[in-house]
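Let me begin by presenting the structure, written as structure tokens, before commenting on it.
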Amino acid sequence: IEMETDCPWGTEAEYKLLGNIDLLVGGYATIALATLGVCANILAISVFCNKSFKSNFNNLLVALAVFDLLFLVVCITESVRRNFEDRSSNTSSFSGLATQIHHRLFPYFLYPLHNILLTCSIFMTISISIERYLAIFHPLVYRNRSYSWNLSCHILPVLGLSVIINAPKFFESEVIYDGENSRISLTEMRFDRNYSVYYQNWTRFLVLGLVPMLLLIFLNVRVFIAIHSRKSSSKEMTYSTILLLIVAIFILCHMPRVALNIYEVFDYEQISECGPPVWSMIFKNFSNDILPALNSTINFFIYFLAGKNFRSSLLRMLKCRKEPEESVFSKSSVICDINSDVCEEGKEVTEMEELENTKLLRI
């Protein structure tokens, strides 16, 4: 007796479209965008490492750029594996040997690292928003921070939480050998219903989707209201708008991924029985591939458009010119140098004025 199923199978034309989108969007477009992002983040790190940009806030931007840079490198390797490598490999040729090496690295290094770095990028964006929030609403705490504050309170917690949350990813896949051939396969744990429902769907939806979105909206709306509720210069208004723009771009780039995760949570039974529908696999190329890569790439262009000093320092670096000596001030005036749009060059500032200038949201 044949069992009838109500699975919405895709048509041949839909699967052909899926194959084309996999290759163009998940392959060529993602690799090209990630390559641009790697170059852009290297430039951003080089600029922020200049003496004139030394500040706690800019150091956090360097950490974010490093996470984004590494994430984009892994994105390139993953796009190559999925779209340009054979599913099965052997050691009879050089390309087959390279593919097999990639297979061996994937389950216990590349795949977990990809998820860890994405989580680091998400949490680091929250950490930077918290830093701005402290600067405005808790200035005494912000001013009395120790030298190791950024490392111990902003960067290490991000790394630690990211590794803990993604620890199960080390056990989701494995390499299957058939003589000299190898292929990547999912483990029994990945197919376990409880694991899929409670960790893969609900936990990751809450920890990497809903909670980060709500935190970013709360923190940055409060910062925006605080700055606009007091007598602020037009430049202060501009910087607060830029911060909201960065958060808005982050939300726009990650919201499709969260939306797809919501769908998987509430339609788990149908997906587990019939597999994901064609439209969701097409959508995944955008939500899980190109949009996270875009988010990790675009920050450099925001820095470039927002900061006059960033642009000038970048151009000097590209032209192999040294930083002018007058751009390096004492510790009390370094923030004025970074935010020169609102501080007169060489003007001596007090601690409280310096603290006020940290409220100028330089992103």
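For clarity, every value in this text was computed on a predicted model and none was experimentally measured.
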| query | Stepwise, does the side-chain hydrogen bond (donor to acceptor under 3.5 Å, both in side chains) test hold for Asn83 with Asp22? | reply | CA-CA 7 Å; Asn83 296 281; Asp22 279 343; over 6 Å; no

Interatomic distance, CE@Met255 vs CZ@Phe250, rounded to 0.5 Å, equals 10.0 Å

Between the CZ atom in Phe266 and the CZ atom in Phe205, the distance rounded to the nearest 0.5 Å is 7.0 Å

Per-pair distances, 0.1 Å, donor-acceptor, side chain in residues 30-38, under 3.5 Å, sequence neighbours excluded:
{"unit_1": "Thr30", "atom_1": "OG1", "unit_2": "Val25", "atom_2": "O", "d": "2.6"}
{"unit_1": "Thr35", "atom_1": "OG1", "unit_2": "Ile31", "atom_2": "O", "d": "2.7"}

Worksheet item: Do Phe48 and Tyr303 make the cut of ring centroids closer than 6.0 angstrom?
Response: yes

For residues 63-88, the ring pair (Phe, Tyr, Trp, His ring centres under 6.0 Å) pairs (sequence neighbours left out) are Tyr28-Phe84, Phe71-His114

With no hydrogens and no angle check, do the side chains of Glu85 and His102 hold a donor and an acceptor under 3.5 Å apart?
-> yes

Sequence neighbours excluded, the answer for ring-ring contact (aromatic ring centres under 6.0 Å, His included) partners of Phe123 is none

Exactly one candidate in Ile116, Leu117, Ile122, Asn115 meets side-chain contact (heavy atoms from CB on, under 4.5 Å) with Ser162; the answer is Ile116

Separation between CG (Leu219) and CG (Leu214), nearest 0.5 Å, reads 10.5 Å

Using a distance-only test with no angle check, is there a side-chain donor-acceptor pair under 3.5 angstrom linking Asn181 and Ser88?
no

CG (Asn201) and OG (Ser196) are apart, to the nearest 0.5 Å, by 7.0 Å

| message | Whether Arg222 engages the ring of Phe137 as a cation-pi pair (distance to the six-membered ring centre under 6.0 angstrom, angle to the ring normal within 45°) should be assessed. | response | yes

